[in-house]
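Everything below concerns the one structure shown next.
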Amino acid sequence: MSESPLITPLLQQYQVELQTKLNECFENNEVKGILHLIDQLGQDIKDEPQLQDLLNLQLLRKLMKHLSSTNPQQVRSSIIILDAIMQRKIIANRLLHQRGAERTMVDLANSLLNLQQQLRHTSLELHIDELLIGLQVKYVDKKQSDLSALKLALKQFQDNNSLFIKQLQIILSSCESIIDQYYLFGSPLQELIYEYLLMIRQMEEKQQVNFLTQVLGIYERYILDVQYTIQEMQQRTYYIKIEKQMILHQISNMYKSCAQLLNMILVLPEEIGLQKRIYMMIKVLYKYIPDLRIALMGPIQLVLRNLSLFLHKDVQEYKEITIFLYQLIHSSDYDEKFKQSLLDDEDLAYLRENKYFSVKALSYVDESQSVPSLRNLNIQAAFPCYAIIQAASIYCYSFMVDKPNSLIFWSFRTLDYDVQFGLFKLQTIEDLGIIDYVNERNGVKSLIKLQRIESHKQPIIGVTVISNPGLYRIIFDNSYSYLRSKQLFYSIHLLETK
């Protein structure tokens, strides 16, 4: 409806009163009061659309804070209120489509996933399951992605067996958000990946290794945490991890193809690089998905055998694997029959005989799953993107840095051909129209000069400190190539001080 001088003050007064009531209800943990206000607000927004300005992400962040409370009543209240919000489409749509909502949704989903483990077999477990589904259904556009190119790639497997992986990466990278990727990977794509793995199984072993490595890389992106290492001038090393738990509530949909991938790699024991990577994946599944622990018994024993037999015979190299074995044998997760088989397995003898196989293993902190802090940095993770850089053209990624001494991470690769890469600081918004970055005209300053990178041979990963706030631009330059366009996959992460 259109505003008038008479209506606007009334709306403003209503907004102030309703916001005050919401704050009071939060402070006093009055669940019924909040539920009543949510009902009232949902109805009033239909009549006065301007009232939707009352809804902001701060409301969800308050609820997230309560989800991590040590007060069981506060946790229960927050879950009930979140459920009420998700049930009201007009409110949910407003909240989940604001700027910054994607990151809030991922944080919220991770909070719920952590709670899910703690509240298993309680009356709140069903509420949490419904909320996780609600977040996925309401935030993700449920239109069916066009998978025809992927299905066609399967049909053309005999003529071009690398086409499927390329199309899979393109489909995932063209999603609008990481949540879209999680939904797509967790359900619609799984049957197609499973079919592809069955086709790979018919290849010779050397060919299998190449394609299994590529598929494993895709699974790692969605299951394993992303970790970056920073070496400072004072020779101190910091680690930054971005935890990837959100996909795990889709595990029932994806485990069929995941199990197929595990089995195909486990029968290649001498491919020690693959064995070490699959060991890390099995550990994550074991830790976060208790329901899979019985199904993982065989893969766990087999990967431990492979590493025990073929890993370089160095005690330090075996440390983490030995500790994991000792913890399994002394855990309550498995029955005595499985534990005894680990104790009797001759192929695991080297692990059982080294110095780390001791009671000290029970107090060992699993560093691979801990989240070290990096001073006071706040991680803002982007999602992998896909772009085509046309011949004789450039592709730009611009971003604002608001705080000094922020970090910018990048990783990228191209298919088949190289590309030029550079990082620049722009002086004004008008500089966004500049296309000549070789000569650095009009005050454009290079942090990394344009240089030709063989990113088609291996992924390129980098990090730099941004000392001064301002407008920055990453350039992928294909202007030197007059005939060929380039397919680019990139991921950029901005880390700002709080």
Side-chain angles (χ1 to χ4, degrees), residues 145 147-175 181 184-224 226 244 247 250-251 253-282 284-285 298-299 302-303 306-307 310 384 386 411-418 454-461 486-491:
S145 298
L147 303 181
S148 58
L150 211 52
K151 293 175 181 176
L152 181 62
L154 279 177
K155 292 180 180 178
Q156 297 177 350
F157 179 81
Q158 297 299 330
D159 300 322
N160 187 350
N161 47 35
S162 63
L163 180 60
F164 180 86
I165 288 292
K166 288 183 180 180
Q167 291 296 339
L168 180 60
Q169 291 172 330
I170 289 170
I171 287 173
L172 287 169
S173 299
S174 61
C175 290
Q181 290 182 324
L184 191 61
F185 182 73
S187 185
L189 290 177
Q190 286 306 302
E191 284 299 323
L192 296 176
I193 295 174
Y194 182 72
E195 287 183 41
Y196 181 68
L197 288 169
L198 292 179
M199 293 178 179
I200 293 176
R201 200 168 193 169
Q202 308 304 316
M203 294 179 168
E204 295 180 2
E205 187 174 305
K206 287 185 179 179
Q207 286 183 297
Q208 281 191 37
V209 170
N210 178 39
F211 289 103
L212 288 174
T213 300
Q214 295 180 59
V215 178
L216 180 58
I218 291 173
Y219 273 83
E220 286 173 333
R221 177 190 295 175
Y222 295 98
I223 295 177
L224 300 185
V226 177
K244 299 270 189 90
I247 188 62
Q250 288 278 7
I251 203 73
N253 293 326
M254 63 176 283
Y255 187 64
K256 179 180 178 182
S257 63
C258 188
Q260 179 70 22
L261 178 63
L262 293 177
N263 291 338
M264 291 175 68
I265 292 177
L266 288 170
V267 296
L268 303 170
E270 296 186 39
E271 294 293 333
I272 203 65
L274 288 178
Q275 298 302 317
K276 290 166 76 172
R277 290 168 66 183
I278 214 73
Y279 164 74
M280 292 303 302
M281 184 180 292
I282 289 173
V284 171
L285 296 175
L302 192 50
V303 77
N306 292 344
L307 292 172
F310 294 98
Y386 169 75
S411 62
F412 68 93
R413 68 182 186 83
T414 48
L415 296 182
D416 303 324
Y417 306 105
D418 60 11
E454 293 186 333
S455 49
H456 59 301
K457 294 183 178 179
Q458 62 180 5
I460 306 301
I461 299 174
K486 307 291 173 62
Q487 295 186 72
L488 169 72
F489 296 90
Y490 69 92
S491 184

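Numbering starts at 1 and runs along the sequence shown.
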Before giving the answer on side-chain hydrogen bond (donor to acceptor under 3.5 Å, both in side chains), spell out for Tyr219 and Ser257 the whole-Å C-alpha distance, their side-chain angles and the decisive distance to 0.1 Å.
CA-CA 10 Å; Tyr219 273 83; Ser257 63; 2.4 Å; yes

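Remark: Lys276 engages Glu317 in a side-chain hydrogen bond (donor to acceptor under 3.5 Å, both in side chains) (not counting sequence neighbours). Considering only residues two or more places apart in sequence or on other chains, Gln275 meets the side-chain hydrogen bond (donor to acceptor under 3.5 Å, both in side chains) condition with Asn306. With sequence neighbours excluded, no residue forms a side-chain hydrogen bond (donor to acceptor under 3.5 Å, both in side chains) with Glu191. Partners of Tyr417 under the side-chain hydrogen bond (donor to acceptor under 3.5 Å, both in side chains) rule, at least two apart in sequence or in another chain, are Arg484. Listed by chain and residue number, Lys457 satisfy the salt bridge (charged side-chain N to carboxylate O under 4.0 Å, His left out) test with Glu454 (two or more places apart in sequence, or in another chain). Every residue two or more places apart in sequence or in another chain was checked for a side chain to side chain contact (heavy atoms under 4.5 Å, CB included) with Asn263, and none qualifies.
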Under 3.5 Å donor-acceptor pairs involving side-chain atoms of residues 205-213, not counting sequence neighbours:
unit_1: Gln208; atom_1: NE2; unit_2: Arg201; atom_2: O; d: 3.3
unit_1: Gln208; atom_1: NE2; unit_2: Met203; atom_2: O; d: 3.1
unit_1: Thr213; atom_1: OG1; unit_2: Val209; atom_2: O; d: 2.7

Throw together a table of side-chain donor-acceptor distances under 3.5 angstrom for residues 154-170, partners on residues two or more places apart or in other chains.
unit_1: Asn160; atom_1: OD1; unit_2: Ser162; atom_2: N; d: 3.4
unit_1: Asn160; atom_1: OD1; unit_2: Ser162; atom_2: OG; d: 3.1
unit_1: Asn160; atom_1: OD1; unit_2: Leu163; atom_2: N; d: 3.4
unit_1: Gln169; atom_1: OE1; unit_2: Arg413; atom_2: NH2; d: 2.6

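How far CE of Met264 is from CD of Gln260: 6.0 Å, rounded to the nearest 0.5 Å. With values rounded to the nearest 0.5 angstrom, Asp416 atom CG is found 8.5 Å from His456 atom NE2. Between atom CD1 of residue Ile193 and atom CG of residue Leu198 there is a gap of 12.0 Å, rounded to the nearest 0.5 Å. Distance check, rounded to the nearest 0.5 Å: CD1 of Ile265 to CG of Leu216 gives 4.5 Å. We find the CG-CZ distance between Leu268 and Phe310 to be 11.0 Å, quoted to the nearest 0.5 Å. Taking NZ of Lys486 as the reference point, atom CG of Asp418 lies at 5.0 Å (rounded to 0.5 Å).
Ile218 is listed as a side-chain neighbour of Leu172, based on a closest heavy-atom distance under 4.5 Å. With contacts defined as side-chain heavy-atom distances shorter than 4.5 Å, the pair Leu285/Cys258 qualifies.
Listed by first and then second residue, the salt bridge (charged side-chain N to carboxylate O under 4.0 Å, His left out) pairs that reach into residues 260-272 come to none, sequence neighbours excluded.
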